[in-house]
Amino acid sequence: MRIRRVGRIGIFTAVTAACLLSCSAGTDHTSAGAGTRDTSRSPSAPAPADATVQENTAVNPAPAAAPGPELVRDAFAGLQATLNNTCTPGSGDCAYYLGRVHEELTGLDTAMKADPKGPGHFPEPIAWIADLRTTLDGDTSTQNLETHRTQLISVRDRINTWMQDHPDDYH
């Protein structure tokens with residue numbers, strides 16, 4: 001869970017920083033970033049084309065690249081974090097636990113399909129998750145996850161064993 005939390009905090013920090021930078025680069029031409037504006041001309045005089053381009057790039061920096069899909073190793077680490085956890089059926093702690101296992105499996109499925117090696121490199125895990133998805137039939141409620149708890153945990157454990165036999169995919 002810590003690895004996942006650290007990753008989320010890092011993403012949150014990066015997004016926040018990008019937002020702050022875009023807000024601080026607003027249309028206030030008295031800031032240091034607007035130094036290319038020609039202040040000797042009257043407000044109604046058109047700006048030279050090259051000054052407009054320079055001004056626009058200073059005011060509107062290129063957007064930061066969107067983060068790509070999670071790496072297989074990171075998604076697998078999140079799934080492994082659930083290995084030593086358990087819950088008592090019917091108790092309140094199962095809602096979080098089973099939901100988390102399902103979320104980690106879904107994230108791993110997405111990461112495997114987006115991996116540069118291609119989804120064909122992970123045929124068994126992707127097939128096991130697809131079978132689980134079919135069984136759940138889109139219902140990820142606590143009651144349905146508890147009903148299919150054995151299969152959910154079994155898929156997690158099979159994927160863990162499969163990945164242990166493929167260490168180059170998560171190191």
Side-chain angles (χ1 to χ4, degrees), residues 1-26 57 59-171:
M1 181 159 146
R2 283 192 172 153
I3 292 172
R4 195 139 180 104
R5 184 178 294 160
V6 169
R8 287 183 182 148
I9 290 171
I11 291 171
F12 175 76
T13 303
V15 170
T16 303
C19 289
L20 288 174
L21 285 174
S22 70
C23 290
S24 67
T57 58
V59 173
N60 299 320
E70 187 174 28
L71 297 175
V72 171
R73 68 184 169 114
D74 296 338
F76 180 56
L79 185 66
Q80 280 186 308
T82 68
L83 288 174
N84 294 326
N85 297 341
T86 189
C87 69
T88 306
S91 68
D93 59 344
C94 275
Y96 171 77
Y97 171 68
L98 295 175
R100 169 113 188 270
V101 171
H102 179 263
E103 178 184 322
E104 298 295 345
L105 286 169
T106 301
L108 184 59
D109 183 52
T110 301
M112 287 178 168
K113 289 177 179 175
D115 190 80
K117 296 175 185 174
H121 185 73
F122 306 96
E124 293 91 354
I126 290 173
W128 297 328
I129 295 170
D131 187 43
L132 175 64
R133 189 179 304 111
T134 300
T135 299
L136 294 175
D137 195 29
D139 181 4
T140 58
S141 67
T142 301
Q143 181 180 4
N144 197 41
L145 291 177
E146 282 195 29
T147 300
H148 301 289
R149 173 190 173 130
T150 303
Q151 184 180 4
L152 181 69
I153 302 305
S154 173
V155 168
R156 179 202 61 190
D157 293 345
R158 280 189 287 165
I159 289 174
N160 181 56
T161 301
W162 189 92
M163 290 294 286
Q164 296 299 326
D165 290 337
H166 298 81
D168 58 310
D169 292 321
Y170 67 90
H171 277 94

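This is a predicted model, so every value here is computed, not measured.
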Point to revise | Intermediate values then yes/no, side chain to side chain contact (heavy atoms under 4.5 Å, CB included), Ile129 and Ile159 | key: CA-CA 9 Å; Ile129 295 170; Ile159 289 174; 3.6 Å; yes
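- The OG1 atom of Thr86 sits 8.5 Å away from atom CG of Leu98, with the distance rounded to the nearest 0.5 Å.
- Without hydrogens or angle criteria, Asn160 side chain to Leu83 main chain gives no donor-acceptor distance under 3.5 Å.
- Between the side chain of Thr161 and the backbone N or O of Asp157, at least one donor-acceptor pair lies under 3.5 Å.
- If you take CD on Glu124 and NE2 on His166, they are separated by 6.5 Å, rounding to the nearest 0.5 Å.
- Nearest heavy atoms, Glu104 versus Ala75: OE1-O, 4.0 Å.
- One distance of note links CG of Asn144 with CG of Asp137; it measures 8.0 Å at 0.5 Å rounding.
- Smallest separation of non-hydrogen atoms from Tyr97 and Ile153: OH-CD1, 3.5 Å.
- Going from atom OG of Ser141 over to atom CD of Glu146 covers 9.0 Å, rounded to the nearest 0.5 Å.
- With contacts defined as side-chain heavy-atom distances shorter than 4.5 Å, the pair Leu105/Leu152 qualifies.
- Under the 30°/60° scheme for interplanar angles, the aromatic rings of Trp162 and Phe122 are found to be tilted.
- Residues Val72 and Met163 come closest through the heavy atom pair CG1-CE, 3.7 Å.
- One finds the CH2 atom of Trp128 at 14.0 Å from the CZ atom of Arg156 (value rounded to the nearest 0.5 Å).
- Of all heavy-atom pairs spanning Ala81 and Arg100, the tightest one is CB-NH2, 3.4 Å.
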Point to revise | Verdict with supporting geometry, Phe76 and Glu70, side chain to side chain contact (heavy atoms under 4.5 Å, CB included) | key: CA-CA 10 Å; Phe76 180 56; Glu70 187 174 28; over 6 Å; no
